[in-house]
Amino acid sequence: PKQKGWVGSYVYNYQGFWALPRLIQGVIACQRQFQAEDNDIILVTAPKSGTTWLKALLFSLVNRKKYPIFKKNHPLLVKNPHDLVPLLEQDLYVDGQVPDFSLFTSPRLMATHVPFASLPKSVQNSRTKLVYLCRNPRDTFISMWQFTNNLRLDSHRDTNSIEEMFDHFCKGVGLYGPFWSHVLGYWKESIENPDKVLFLMYEEIKKQPKIQLKRMAEFLDCPFSIEEEDCRVVDEILRMCSFGNLRNVEVNVNGKMSAGMANKNFFRRGEVGDWKNYFTVEMNDKLNYIVEQKFHGCGLKFVYI
Ligand code: A3P
(Lines give C-alpha, C1' and ligand atoms only; values in the text may rest on other atoms or scores of the structure.)
Protein backbone atom coordinates (compact mmCIF):
# COMPACT_ATOMS: atom_id res chain seq x y z
CA PRO A 1 0.00 0.00 0.00
CA LYS A 2 1.08 3.58 -0.65
CA GLN A 3 0.14 6.88 0.99
CA LYS A 4 1.03 10.53 0.43
CA GLY A 5 3.52 11.09 3.17
CA TRP A 6 6.82 12.86 2.68
CA VAL A 7 7.40 16.28 1.07
CA GLY A 8 4.65 15.47 -1.43
CA SER A 9 6.07 12.02 -2.28
CA TYR A 10 4.40 8.69 -1.70
CA VAL A 11 5.58 6.43 1.08
CA TYR A 12 5.08 2.68 0.83
CA ASN A 13 4.54 0.06 3.46
CA TYR A 14 7.21 -2.58 3.84
CA GLN A 15 7.15 -5.12 6.67
CA GLY A 16 4.75 -2.92 8.62
CA PHE A 17 6.58 0.41 8.37
CA TRP A 18 6.43 3.29 5.86
CA ALA A 19 9.27 4.64 3.78
CA LEU A 20 10.20 6.04 0.39
CA PRO A 21 10.83 3.44 -2.34
CA ARG A 22 14.53 4.33 -2.47
CA LEU A 23 14.89 3.70 1.26
CA ILE A 24 12.95 0.45 1.10
CA GLN A 25 15.32 -0.76 -1.60
CA GLY A 26 18.19 0.17 0.70
CA VAL A 27 16.60 -1.74 3.57
CA ILE A 28 16.13 -4.84 1.42
CA ALA A 29 19.74 -4.69 0.19
CA CYS A 30 20.90 -4.28 3.76
CA GLN A 31 18.81 -7.21 4.94
CA ARG A 32 20.32 -9.38 2.21
CA GLN A 33 23.92 -8.27 2.30
CA PHE A 34 24.97 -6.58 5.51
CA GLN A 35 27.28 -8.72 7.62
CA ALA A 36 27.40 -7.33 11.11
CA GLU A 37 30.59 -7.76 13.14
CA ASP A 38 30.67 -8.39 16.86
CA ASN A 39 32.16 -5.02 17.73
CA ASP A 40 29.94 -2.97 15.41
CA ILE A 41 27.97 -0.15 16.98
CA ILE A 42 24.70 0.80 15.37
CA LEU A 43 22.86 3.89 16.41
CA VAL A 44 19.11 3.81 15.88
CA THR A 45 16.41 6.47 15.91
CA ALA A 46 13.03 7.28 14.53
CA PRO A 47 13.66 10.35 12.33
CA LYS A 48 13.83 13.70 14.17
CA SER A 49 14.50 12.13 17.55
CA GLY A 50 18.01 13.61 17.76
CA THR A 51 19.97 11.43 15.33
CA THR A 52 22.42 14.22 14.53
CA TRP A 53 23.21 14.79 18.19
CA LEU A 54 23.63 11.10 18.95
CA LYS A 55 25.87 10.64 15.92
CA ALA A 56 28.12 13.44 17.16
CA LEU A 57 28.16 12.13 20.73
CA LEU A 58 28.96 8.54 19.82
CA PHE A 59 31.51 9.52 17.20
CA SER A 60 33.43 11.67 19.69
CA LEU A 61 33.05 9.12 22.46
CA VAL A 62 34.21 6.08 20.53
CA ASN A 63 37.04 7.90 18.72
CA ARG A 64 38.24 10.04 21.60
CA LYS A 65 41.73 8.51 21.68
CA LYS A 66 42.20 8.91 17.94
CA TYR A 67 40.66 12.38 17.77
CA PRO A 68 41.24 14.38 20.95
CA ILE A 69 38.29 16.67 21.52
CA PHE A 70 38.46 20.20 20.07
CA LYS A 71 41.85 19.61 18.41
CA LYS A 72 41.84 21.70 15.24
CA ASN A 73 41.56 18.68 12.99
CA HIS A 74 38.70 17.05 14.87
CA PRO A 75 36.33 15.68 12.20
CA LEU A 76 33.30 17.29 13.86
CA LEU A 77 34.82 20.71 13.22
CA VAL A 78 34.94 20.11 9.49
CA LYS A 79 32.24 17.54 8.78
CA ASN A 80 28.57 17.16 9.49
CA PRO A 81 27.75 14.27 11.86
CA HIS A 82 25.72 12.63 9.08
CA ASP A 83 28.80 12.43 6.90
CA LEU A 84 30.77 10.81 9.72
CA VAL A 85 28.23 8.17 10.71
CA PRO A 86 26.44 6.87 7.61
CA LEU A 87 22.91 5.57 7.57
CA LEU A 88 22.98 1.95 6.47
CA GLU A 89 19.94 1.99 4.21
CA GLN A 90 20.36 5.53 2.91
CA ASP A 91 24.09 6.13 2.53
CA LEU A 92 25.67 2.68 2.34
CA TYR A 93 23.23 0.38 0.55
CA VAL A 94 21.76 2.92 -1.80
CA ASP A 95 21.09 2.60 -5.55
CA GLY A 96 22.50 -0.91 -5.74
CA GLN A 97 25.88 0.25 -4.47
CA VAL A 98 28.21 -2.12 -2.61
CA PRO A 99 29.60 -0.31 0.43
CA ASP A 100 33.34 -0.13 0.89
CA PHE A 101 33.81 -1.11 4.51
CA SER A 102 37.60 -0.96 4.19
CA LEU A 103 37.25 2.79 4.77
CA PHE A 104 35.83 2.17 8.24
CA THR A 105 38.01 2.00 11.32
CA SER A 106 37.19 -0.35 14.16
CA PRO A 107 34.74 -0.30 15.86
CA ARG A 108 32.50 0.44 12.88
CA LEU A 109 29.97 3.11 13.76
CA MET A 110 26.84 3.16 11.63
CA ALA A 111 23.25 4.32 11.93
CA THR A 112 19.82 3.22 10.84
CA HIS A 113 16.15 4.16 11.16
CA VAL A 114 14.97 0.60 10.50
CA PRO A 115 12.53 -0.87 13.07
CA PHE A 116 13.94 -3.66 15.24
CA ALA A 117 11.98 -6.45 13.57
CA SER A 118 13.35 -5.49 10.14
CA LEU A 119 17.04 -5.24 11.04
CA PRO A 120 19.35 -7.51 9.04
CA LYS A 121 19.51 -10.91 10.70
CA SER A 122 23.28 -10.62 11.22
CA VAL A 123 22.69 -7.60 13.49
CA GLN A 124 20.35 -9.60 15.64
CA ASN A 125 22.54 -12.71 15.61
CA SER A 126 25.88 -11.03 16.35
CA ARG A 127 27.14 -9.18 19.42
CA THR A 128 26.67 -5.88 17.59
CA LYS A 129 25.46 -3.23 20.02
CA LEU A 130 22.49 -0.98 19.35
CA VAL A 131 22.11 2.47 20.87
CA TYR A 132 18.52 3.66 20.51
CA LEU A 133 17.51 7.28 21.03
CA CYS A 134 13.85 8.08 21.64
CA ARG A 135 12.19 11.50 21.87
CA ASN A 136 8.70 12.39 23.02
CA PRO A 137 6.20 12.13 20.16
CA ARG A 138 4.99 15.74 20.35
CA ASP A 139 8.44 17.28 19.84
CA THR A 140 9.36 14.59 17.32
CA PHE A 141 6.26 15.41 15.29
CA ILE A 142 6.85 19.18 15.37
CA SER A 143 10.49 18.69 14.44
CA MET A 144 9.46 16.56 11.46
CA TRP A 145 6.80 19.01 10.37
CA GLN A 146 9.27 21.90 10.48
CA PHE A 147 11.94 19.84 8.75
CA THR A 148 9.74 18.85 5.81
CA ASN A 149 8.57 22.42 5.47
CA ASN A 150 12.15 23.65 5.30
CA LEU A 151 12.95 21.07 2.65
CA ARG A 152 9.93 22.22 0.68
CA LEU A 153 10.98 25.85 0.99
CA ASP A 154 14.48 24.86 -0.20
CA SER A 155 12.89 23.33 -3.28
CA HIS A 156 10.35 26.16 -3.68
CA ARG A 157 7.33 23.99 -2.97
CA ASP A 158 4.33 24.73 -0.76
CA THR A 159 4.61 23.82 2.89
CA ASN A 160 2.55 21.10 4.60
CA SER A 161 -0.34 22.08 6.80
CA ILE A 162 0.19 20.98 10.38
CA GLU A 163 -3.30 19.41 10.43
CA GLU A 164 -2.62 17.21 7.44
CA MET A 165 0.73 16.03 8.72
CA PHE A 166 -0.59 15.44 12.21
CA ASP A 167 -3.35 13.31 10.77
CA HIS A 168 -0.75 11.21 8.94
CA PHE A 169 1.41 10.95 12.08
CA CYS A 170 -1.53 9.75 14.17
CA LYS A 171 -2.33 7.13 11.57
CA GLY A 172 1.28 5.99 11.77
CA VAL A 173 2.06 7.11 8.23
CA GLY A 174 5.39 8.85 7.78
CA LEU A 175 9.05 7.98 7.41
CA TYR A 176 9.67 4.75 9.35
CA GLY A 177 6.30 5.08 11.11
CA PRO A 178 4.26 4.12 13.02
CA PHE A 179 6.29 5.98 15.61
CA TRP A 180 4.88 3.84 18.46
CA SER A 181 5.84 0.53 16.87
CA HIS A 182 9.35 1.85 16.28
CA VAL A 183 9.83 2.92 19.88
CA LEU A 184 8.15 -0.14 21.37
CA GLY A 185 10.21 -2.59 19.30
CA TYR A 186 13.47 -1.24 20.71
CA TRP A 187 12.06 -0.57 24.18
CA LYS A 188 11.00 -4.20 24.59
CA GLU A 189 14.31 -5.47 23.27
CA SER A 190 16.25 -3.19 25.63
CA ILE A 191 14.41 -4.74 28.56
CA GLU A 192 14.81 -8.31 27.41
CA ASN A 193 18.35 -7.86 26.20
CA PRO A 194 20.02 -4.94 28.00
CA ASP A 195 23.52 -5.87 26.79
CA LYS A 196 22.33 -5.59 23.22
CA VAL A 197 20.19 -2.43 23.23
CA LEU A 198 20.77 0.75 25.21
CA PHE A 199 17.56 2.79 25.28
CA LEU A 200 18.17 6.53 25.66
CA MET A 201 15.82 9.47 25.79
CA TYR A 202 16.51 12.86 24.25
CA GLU A 203 14.97 14.63 27.23
CA GLU A 204 17.16 12.73 29.69
CA ILE A 205 20.32 13.59 27.78
CA LYS A 206 19.22 17.22 27.85
CA LYS A 207 18.61 17.06 31.60
CA GLN A 208 21.55 14.95 32.75
CA PRO A 209 24.03 14.89 29.91
CA LYS A 210 27.01 13.69 31.94
CA ILE A 211 25.18 10.73 33.44
CA GLN A 212 23.81 9.72 30.06
CA LEU A 213 27.15 10.04 28.27
CA LYS A 214 28.78 7.87 30.92
CA ARG A 215 25.99 5.32 30.46
CA MET A 216 26.79 5.22 26.76
CA ALA A 217 30.51 4.79 27.46
CA GLU A 218 29.90 1.94 29.88
CA PHE A 219 27.45 0.21 27.58
CA LEU A 220 29.99 0.39 24.75
CA ASP A 221 32.77 -0.97 26.99
CA CYS A 222 34.79 2.23 26.81
CA PRO A 223 34.15 3.82 30.24
CA PHE A 224 35.90 7.06 31.14
CA SER A 225 39.08 6.56 33.15
CA ILE A 226 39.88 8.56 36.27
CA GLU A 227 42.48 10.52 34.29
CA GLU A 228 39.87 11.37 31.70
CA GLU A 229 37.45 12.47 34.38
CA ASP A 230 40.19 14.68 35.85
CA CYS A 231 40.79 16.23 32.44
CA ARG A 232 37.08 16.90 32.06
CA VAL A 233 36.84 14.83 28.87
CA VAL A 234 33.13 14.20 29.50
CA ASP A 235 32.40 17.94 29.66
CA GLU A 236 34.51 18.56 26.58
CA ILE A 237 32.64 15.97 24.51
CA LEU A 238 29.34 17.44 25.61
CA ARG A 239 30.49 20.96 24.79
CA MET A 240 31.80 19.89 21.41
CA CYS A 241 28.49 18.17 20.57
CA SER A 242 26.24 20.85 22.01
CA PHE A 243 23.57 22.36 19.80
CA GLY A 244 25.20 25.80 19.99
CA ASN A 245 28.59 24.53 18.99
CA LEU A 246 27.59 22.17 16.20
CA ARG A 247 25.12 24.58 14.70
CA ASN A 248 27.80 27.23 14.34
CA VAL A 249 30.45 25.02 12.78
CA GLU A 250 31.04 26.39 9.27
CA VAL A 251 30.07 23.14 7.51
CA ASN A 252 26.74 23.15 9.33
CA VAL A 253 26.06 26.79 8.51
CA ASN A 254 26.76 26.57 4.78
CA GLY A 255 27.36 22.91 3.91
CA LYS A 256 25.20 20.25 2.33
CA MET A 257 25.01 16.57 3.12
CA SER A 258 25.96 14.06 0.47
CA ALA A 259 22.21 13.44 0.07
CA GLY A 260 21.86 17.10 -0.94
CA MET A 261 20.04 18.43 2.14
CA ALA A 262 21.33 21.60 3.77
CA ASN A 263 23.14 20.78 7.01
CA LYS A 264 21.51 23.71 8.79
CA ASN A 265 18.12 21.98 8.54
CA PHE A 266 19.31 19.49 11.14
CA PHE A 267 19.82 22.20 13.75
CA ARG A 268 16.59 24.05 14.38
CA ARG A 269 15.89 24.71 18.09
CA GLY A 270 17.14 21.62 19.88
CA GLU A 271 14.87 21.99 22.89
CA VAL A 272 12.32 20.05 24.87
CA GLY A 273 8.76 21.41 24.76
CA ASP A 274 8.69 23.37 21.50
CA TRP A 275 5.44 21.49 20.71
CA LYS A 276 3.67 23.89 23.09
CA ASN A 277 4.07 26.64 20.51
CA TYR A 278 2.06 24.68 17.94
CA PHE A 279 -0.23 22.09 19.54
CA THR A 280 -3.94 22.80 19.92
CA VAL A 281 -5.92 21.25 22.78
CA GLU A 282 -7.50 18.84 20.28
CA MET A 283 -4.13 17.70 18.98
CA ASN A 284 -2.93 17.16 22.51
CA ASP A 285 -6.00 15.14 23.46
CA LYS A 286 -5.78 13.01 20.36
CA LEU A 287 -2.11 12.19 20.81
CA ASN A 288 -2.52 11.54 24.54
CA TYR A 289 -5.22 9.04 23.74
CA ILE A 290 -3.06 7.22 21.19
CA VAL A 291 -0.01 7.21 23.46
CA GLU A 292 -2.07 5.87 26.35
CA GLN A 293 -3.41 3.09 24.17
CA LYS A 294 -0.13 2.11 22.58
CA PHE A 295 2.18 2.38 25.58
CA HIS A 296 -0.13 1.40 28.40
CA GLY A 297 1.57 -0.90 30.89
CA CYS A 298 4.91 -1.08 29.09
CA GLY A 299 6.74 1.04 31.67
CA LEU A 300 7.90 3.74 29.27
CA LYS A 301 7.08 7.34 30.23
CA PHE A 302 7.64 10.23 27.87
CA VAL A 303 8.88 13.58 29.14
CA TYR A 304 7.28 16.60 27.47
CA ILE A 305 8.76 19.62 29.22
P1 A3P B 1 14.13 20.46 16.62
O2 A3P B 1 13.53 20.43 15.25
O3 A3P B 1 13.12 20.27 17.70
O4 A3P B 1 14.99 21.64 16.85
P5 A3P B 1 17.42 14.39 13.81
O6 A3P B 1 18.86 14.66 14.05
O7 A3P B 1 16.97 13.03 14.25
O8 A3P B 1 17.04 14.74 12.43
O9 A3P B 1 16.63 15.36 14.79
C10 A3P B 1 16.72 16.75 14.63
C11 A3P B 1 16.35 17.39 15.93
O12 A3P B 1 17.45 17.30 16.84
C13 A3P B 1 16.07 18.86 15.74
O14 A3P B 1 15.11 19.19 16.72
C15 A3P B 1 17.44 19.47 16.04
O16 A3P B 1 17.41 20.82 16.36
C17 A3P B 1 17.87 18.61 17.21
N18 A3P B 1 19.33 18.63 17.43
C19 A3P B 1 20.31 18.60 16.49
N20 A3P B 1 21.50 18.68 17.06
C21 A3P B 1 21.31 18.77 18.39
C22 A3P B 1 22.18 18.88 19.51
N23 A3P B 1 23.49 18.94 19.37
N24 A3P B 1 21.62 18.95 20.74
C25 A3P B 1 20.29 18.90 20.89
N26 A3P B 1 19.41 18.79 19.87
C27 A3P B 1 19.91 18.73 18.63
Side-chain angles (χ1 to χ4, degrees), residues 6-7 23 42-61 69-70 74 76-77 79-87 89-91 111-114 131-154 159-160 162 165 169 174-177 179 182-183 186 200-210 212-213 216 235-249 251-253 255-257 259 261-279 302-305:
W6 168 255
V7 198
L23 295 176
I42 302 186
L43 159 183
V44 195
T45 53
K48 311 324 288 175
S49 303
T51 324
T52 317
W53 191 16
L54 188 63
K55 282 183 176 185
L57 286 170
L58 291 185
F59 182 89
S60 345
L61 177 70
I69 308 302
F70 276 117
H74 194 286
L76 274 173
L77 296 175
K79 285 190 172 176
N80 176 267
H82 294 284
D83 288 326
L84 293 171
V85 185
L87 209 67
E89 69 277 15
Q90 182 181 299
D91 304 318
T112 186
H113 291 311
V114 173
V131 181
Y132 187 80
L133 178 62
C134 163
R135 188 181 193 188
N136 81 63
R138 297 183 208 161
D139 281 325
T140 306
F141 165 72
I142 291 298
S143 183
M144 179 57 101
W145 173 64
Q146 296 277 11
F147 183 72
T148 57
N149 283 342
N150 285 335
L151 291 187
R152 280 176 168 243
L153 290 175
D154 285 354
T159 55
N160 286 304
I162 193 166
M165 243 188 107
F169 185 76
L175 285 190
Y176 301 91
F179 174 82
H182 203 283
V183 173
Y186 285 96
L200 301 166
M201 293 186 104
Y202 182 94
E203 298 78 12
E204 284 181 355
I205 309 183
K206 273 274 181 197
K207 198 169 163 204
Q208 298 189 308
K210 279 193 200 180
Q212 297 300 322
L213 188 63
M216 295 180 218
D235 302 76
E236 288 293 290
I237 292 180
L238 291 170
R239 194 159 70 87
M240 173 109 173
C241 300
S242 68
F243 182 82
N245 185 60
L246 288 185
R247 186 166 74 152
N248 291 325
V249 168
V251 74
N252 293 326
V253 175
K256 283 198 166 193
M257 284 168 57
M261 289 184 250
N263 290 347
K264 65 175 187 315
N265 286 338
F266 290 86
F267 303 93
R268 195 183 61 91
R269 290 197 61 166
E271 281 169 14
V272 181
D274 189 36
W275 60 271
K276 284 197 213 149
N277 297 319
Y278 304 93
F279 263 58
F302 291 111
V303 176
Y304 294 103
I305 44 170

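Bear in mind that the values here come from a model prediction, so they are computed numbers and not experimental data. We count ligands from 1, going down the list as the structure has it; atoms in each ligand are counted the same way. Along the sequence shown, the residues carry numbers beginning at 1.
The backbone N or O of Arg135 lies less than 3.5 Å from a partner atom in the side chain of Thr140, making a donor-acceptor pair.
For atom 7 (O) of ligand 1, the closest non-hydrogen atom of the protein is Thr51 OG1, 2.5 Å. The nearest heavy-atom contact from the protein to atom 16 (O) of ligand 1 is Arg268 N, 3.0 Å. Atom 13 (C) of ligand 1 has its closest protein heavy atom at Ser143 OG, 3.6 Å. For atom 15 (C) of ligand 1, the nearest non-hydrogen atom of the protein is Phe266 O, 3.3 Å. At the shortest separation from atom 12 (O) of ligand 1 among protein heavy atoms lies Gly50 CA, 3.8 Å.
At least one N/O-N/O distance between Thr52 and ligand 1 falls below 3.5 Å. Checking only distances, Phe267 never comes within under 3.5 Å of ligand 1, N or O to N or O. Ligand 1 has no N or O atom lying under 3.5 Å from any N or O atom of His82, backbone or side chain. Here's the thing with Cys241: one of its N/O atoms is less than 3.5 angstrom from an N/O atom of ligand 1. Every N/O-N/O distance between Leu246 and ligand 1 stays at or above 3.5 Å.
By the 30° and 60° cut-offs, the orientation of the rings of Phe279 relative to Trp275 is perpendicular.
Separation of the Phe147 and Phe266 ring centroids falls under the 6.0 Å cut-off. With ring centers used as reference points, Phe169 lies 6.0 Å or more from Trp145.
In the vicinity of Gly270, heavy-atom distances shorter than 4.0 Å reach the ligand 1 atoms 1 (P), 4 (O), 16 (O), 26 (N). Heavy-atom proximity to Ser49, at under 4.0 Å, picks out these atoms of ligand 1: 7 (O), 9 (O). Contact atoms of ligand 1 toward Arg269: 4 (O), 16 (O) (distance under 4.0 Å to a heavy atom of the residue).
If you take CD on Gln146 and CG on Asp139, they are separated by 11.0 Å, rounding to the nearest 0.5 Å.
Inspection of the Asp274 and Asn277 side chains reveals an N or O donor paired with an N or O acceptor under 3.5 Å. Side-chain atoms of Tyr202 and Gln212 include no donor-acceptor pair closer than 3.5 Å. Side-chain atoms of Glu203 and Tyr304 form no donor-acceptor pair, as typed in the model, at a separation below 3.5 Å.
Between Val85 and Leu58 there is no side-chain heavy-atom pair separated by less than 4.5 Å.
For the residues Tyr202, Phe141, Trp53, the heavy atom positioned nearest atom 17 (C) of ligand 1 is part of Tyr202. Which of Arg135, Lys48, Gln146, Glu271 comes nearest to atom 3 (O) of ligand 1 through a heavy atom is settled by distance: it is Arg135.
Note on Arg239 versus Glu236: salt bridge recorded, some NZ/NE/NH1/NH2 to OD/OE distance being below 4.0 Å.
Residue contacts with ligand 1 for Ala56 are absent, since no atom lies close enough (heavy atoms, distance under 4.0 Å).
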